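Report on the following structure.
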Amino acid sequence: MPDFTNAAIAQYFDELGDLYELDGAVVHRVMAYRNAAKAVRDAPVSVAALAKEGRVTTLPGIGKTLEEKIVTLLDTGGIPSLDRLRAKFPPGLLDMTRLPGLGPKRARKLFDDLRIDSLDALREAAESERLRGVRGFGPKFEQAVLEAFAAGVAERPAPRVLLPRALGIGEQITSALRSLPGVDRVELAGSARRLADSVKDLDVIATASDPKALTGAFARLDVIESAGSAGENAVRGRTHSGLAVDVRVVEPDLFGNLLQHFTGSKDHNMQLREAMVRRGLHVSEYGILDDATGETTRCAREEEVYERLGLAWIPPELREGRGELEAAAAGTLPRLIEVSDLKGELHSHTVLSDGRQTAEEMALAARERGLEYIAHTDHSATHGFGNHVDPDTLKAQIEHVRELNERIEGIELLIGTETNILPDGSPDYDDELLAELDWVVGSVHTSFGMAEHEMTKRLVAACEHPWIDAIGHPTGRKIERRKPYAVDMNRVIEAAARTHTMLEINAAPDRRDLNDVHARNARDAGVKILIDSDAHGVRELALARWGVATARRAWLTPDDVANTRPWPEFAAMRKRARA
DNA sequence: GCCGTTTTCGGCCCGACTGTTTTCAGTCG
């Protein structure tokens with residue numbers, strides 16, 4: 001039997017958490033399963049392998065009981081308690097909790113009293129006004145259910161917006177609010193400030209001498225379609241594009257507390273508060289209450305919040321509950337990479353395949369951005385969109401780029417390729433041709449539906465190929481649009497480390513692939529990371545910033561990223577230079 | 001179910017809002 005990936009094991013624990021919640025278990029037990037799922041999902045090594053070695057309890061949140069469950073899963077392919085709970089609660093029960101105001105407790109109540117076990121049954125019961133007969137439910141709830149169905153909430157989860165678009169809207173709003181008279185500070189908080197892959201809504205916080213004037217002005221902004229009060233000094237709006245925006249206005253001496261609170265993440269704040277309660281400090285958006293003195297500290301600046309708690313200020317990108325609190329306490333937070341650290345672009349396209357500009361135009365634009373080298377990596381012979389590059393065309397391009405490199409000053413031009421990794425793991429040019437290039441990225445563009453162990457074998461074989469320097473967008477995901485293909489990334493990372501194959505963080509904002517967790521695990525395993533724009537035109541060279549965002553969320557320093565080095569140093573790090 | 005500057009039991013974040021309730025449990029962020 002193939003090993004379970006961390007993601008697969010994590011999914012079992014998430015499901016167990018959901019089902020135990022329906023079963024009425026104490027919340028802390030449910031939390032334990034969800035914490036365990038997160039720990040397993042983020043683990044830098046194979047949890048299955050750890051379990052076999054008897055060391056899985058070294059992971060935070062995995063104790064004796066969960067160790068047993070993992071071992072049983074590996075041995076038998078299942079978990080008895082999960083089978084029992086699945087038999088007890090129909091799958092539709094969990095779907096029902098997608099409705100606003102309907103959590104596990106109330107869903108269970110409807111199941112017990114009315115045998116409602118699906119969204120369809122729930123809608124029917126609301127229409128026939130049978131819900132109001134249950135204690136704790138009334139006409140307003142029935143109405144809310146029907147409204148949710150009418151809005152299509154039940155069918156599809158609310159769409160998330162990709163980070164660049166969310167930031168664009170957010171910056172438009174914050175700059176408009178900043179220009180108002182009597183407005184002091186305005187900042188974007190939430191997942192947008194943490195530079196997450198995508199965001200559900202925007203959080204804006206501000207200080208102003210006249211809060212009512214600010215919330216009123218927000219409601220009248222061109223981008224805002226509708227807005228309504230959300231309590232004192234707060235307003236909730238919706239943009240024409242459907243993005244929810246929350247604005248809160250506070251007194252200046254609480255701005256730091258509020259910014260910290262609303263930047264999150266939930267995990268970060270929970271861990272922070274738990275750790276501080278042990279020291280007699282209670283952290284909330286209203287300040288820091290000290291049990292010893294009974295006094296509450298209010299902070300105008302966010303730095304003061306962390307300082308008061310004895311912690312270094314933590315960059316928002318790190319606030320995901322992945323060890324940042326321990327590092328901040330120990331003074332070991334990393335010096336995170338910045339866009340200005342990048343010196344080379346190793347993945348870009350020209351008109352030779354599907355790009356919009358010539359190699360010369362791309363090179364000049366890269367030089368303009370301050371880069372010291374750029375590799376032209378057009379698609380290969382089996383690209384399949386009518387713009388593939390056959391071997392003879394590539395040979396001519398080698399000559400062309402070499403000639404350009406002679407002529408263009410101030411930047412090193414490299415000729416490379418983004419070769420397709422065929423289903424058997426081999427590239428689609430022969431080795432003699434690849435050997436003539438300066439640089440080879442190998443990517444999967446076909447046969448996404450392979451079984452996990454086949455896809456893993458395919459990528460491991462690509463890593464083992466002597467002329468493939470790096471793997472491009474290693475999981476093939478498109479954020480909010482396409483799941484990653486099934487692959488055991490821990491095995492691929494291990495192979496990349498062993499073969500000195502670099503792994504790319506593709507910076508296209510809908511890819512960001514490797515993601516933050518994989519990139520951090522790869523770095524920990526000794527893999528050198530690339531940050532590439534995958535530009536198909538000169539303007540897209542700027543997309544590198546989204547790759548840097550992912551790298552920062554992965555705790556990467558300039559040293560962890562190969563293309564922060566000048567060309568001669570980078571050249572020597574290539575697999576082909578090591579042979 | 002996990003975990004330990006309140007170590008092997010008794011804790012395990014904070015606050016607002018909602019609808020249904022006579023004081024609050026459940027939900028949400």
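Chain A is the first sequence line, chain B the second, and so forth, proteins listed ahead of strands; every chain is numbered from 1. Treat the numbers as computed from the prediction; the structure is a model and nothing was measured.
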A/Lys105 NZ - B/dA25 P separation (whole Å): 12 Å

Integer angstrom distance from the P of B/dC9 to that of B/dC14: 26 Å

Spacing of A/Arg236 atom CZ relative to B/dC28 atom P, expressed in whole Å: 13 Å

Expected output: side-chain A/Asp488 to main-chain A/His453 donor-acceptor under 3.5 Å: no

Side-chain H-bond candidate by donor/acceptor type, A/Gln143 with A/Glu147, under 3.5 Å: yes

Sugar-phosphate, base or nothing in reach of A/Leu16, heavy atoms under 4.0 Å: nothing

Whole angstrom value for the distance that separates P of B/dC12 from CZ of A/Arg278: 11 Å

DNA chain B: 5'-proximal contact among A/Met270 and A/Glu142 (nearest heavy atom): A/Met270

Comparing A/Thr65 and A/Asp201 on DNA chain B - which has the more 5′ nearest nucleotide: A/Thr65

Gap in Å between the two P atoms, one belonging to B/dT6 and one to B/dG1, rounded: 27 Å

Face-on cation placement of A/Arg115 at A/Phe111 ring, 6.0 Å and 45° thresholds: yes

Shortest side-chain distance from A/Phe141, nucleotide among B/dT20, B/dT27, B/dT22: B/dT20

Atom-pair distance (CG on A/Leu102; C1' on B/dG26), nearest Å: 10 Å

Touch class at under 4.0 angstrom, heavy-atom based, for A/Arg279 against every strand present: nothing

A/Leu325 CG - B/dC13 P separation (whole Å): 14 Å

Shortest non-hydrogen contact between A/Ser179 and A/Ala176, atoms and distance: OG-O, 2.7 Å

Sugar-phosphate, base or nothing in reach of A/Leu66, heavy atoms under 4.0 Å: sugar-phosphate

Pairwise P distance for B/dT7 and B/dC12, with rounding to whole Å: 13 Å

Identify the pairs formed between an N or O of the protein and an N or O of nucleotides 15-18 of chain B at a distance under 3.5 Å, and give each distance.
unit_1, atom_1, unit_2, atom_2, d
B/dA16, OP1, A/Tyr286, OH, 3.4

Salt bridge (Lys or Arg N to Asp or Glu O under 4.0 Å) assessment of A/Asp291 paired with A/Arg279: CA-CA 9 Å; A/Asp291 280 340; A/Arg279 292 173 35 192; over 6 Å; no

Separation of the C1' atoms in B/dC17 and B/dT23, to the nearest angstrom: 16 Å

Nearest-Å distance for atom pair CZ/P, residues A/Arg106 and B/dT20: 7 Å

Side-chain H-bond candidate by donor/acceptor type, A/Gln260 with A/Tyr306, under 3.5 Å: yes

Passing option when A/Thr174 is tested against A/Ile205, A/Val247, A/Leu202, A/Val186 for side-chain contact (heavy atoms from CB on, under 4.5 Å): A/Val186

Same-atom distance (C1') from B/dC13 to B/dG29, integer angstrom: 13 Å

Criterion salt bridge (Lys or Arg N to Asp or Glu O under 4.0 Å) on A/Arg248 and A/Glu285, from CA distance to verdict: CA-CA 11 Å; A/Arg248 284 178 184 75; A/Glu285 62 266 48; over 6 Å; no

Short side-chain N/O contact to B/dC13 OP1/OP2 from A/His282, under 4.0 Å: no

Close side-chain approach of A/Arg308 and A/Leu281, heavy atoms under 4.5 Å: yes

Check against salt bridge (Lys or Arg N to Asp or Glu O under 4.0 Å), A/Arg130 and A/Glu124: CA-CA 9 Å; A/Arg130 288 192 293 128; A/Glu124 196 279 321; 2.9 Å; yes

Flag for A/Thr557-A/Asp560: side-chain donor and acceptor within less than 3.5 Å: yes

Whole-Å distance separating the CZ atom of A/Arg248 from the P atom of B/dG29: 11 Å

C1' atoms of B/dG15 and B/dG10, separation to the nearest Å: 24 Å

B/dC3 versus B/dT8 - spacing of their P atoms, nearest Å: 16 Å

Residues in contact with DNA chain B, drawn from residues 26-55 of chain A - heavy-atom cutoff 4.0 Å: A/His28, A/Arg29, A/Ala32, A/Tyr33

Assigned partner base of B/dT8, Watson-Crick or wobble definition, under 3.5 Å: none

Between B/dT27 (C1') and A/Arg108 (CZ): distance, integer Å: 18 Å

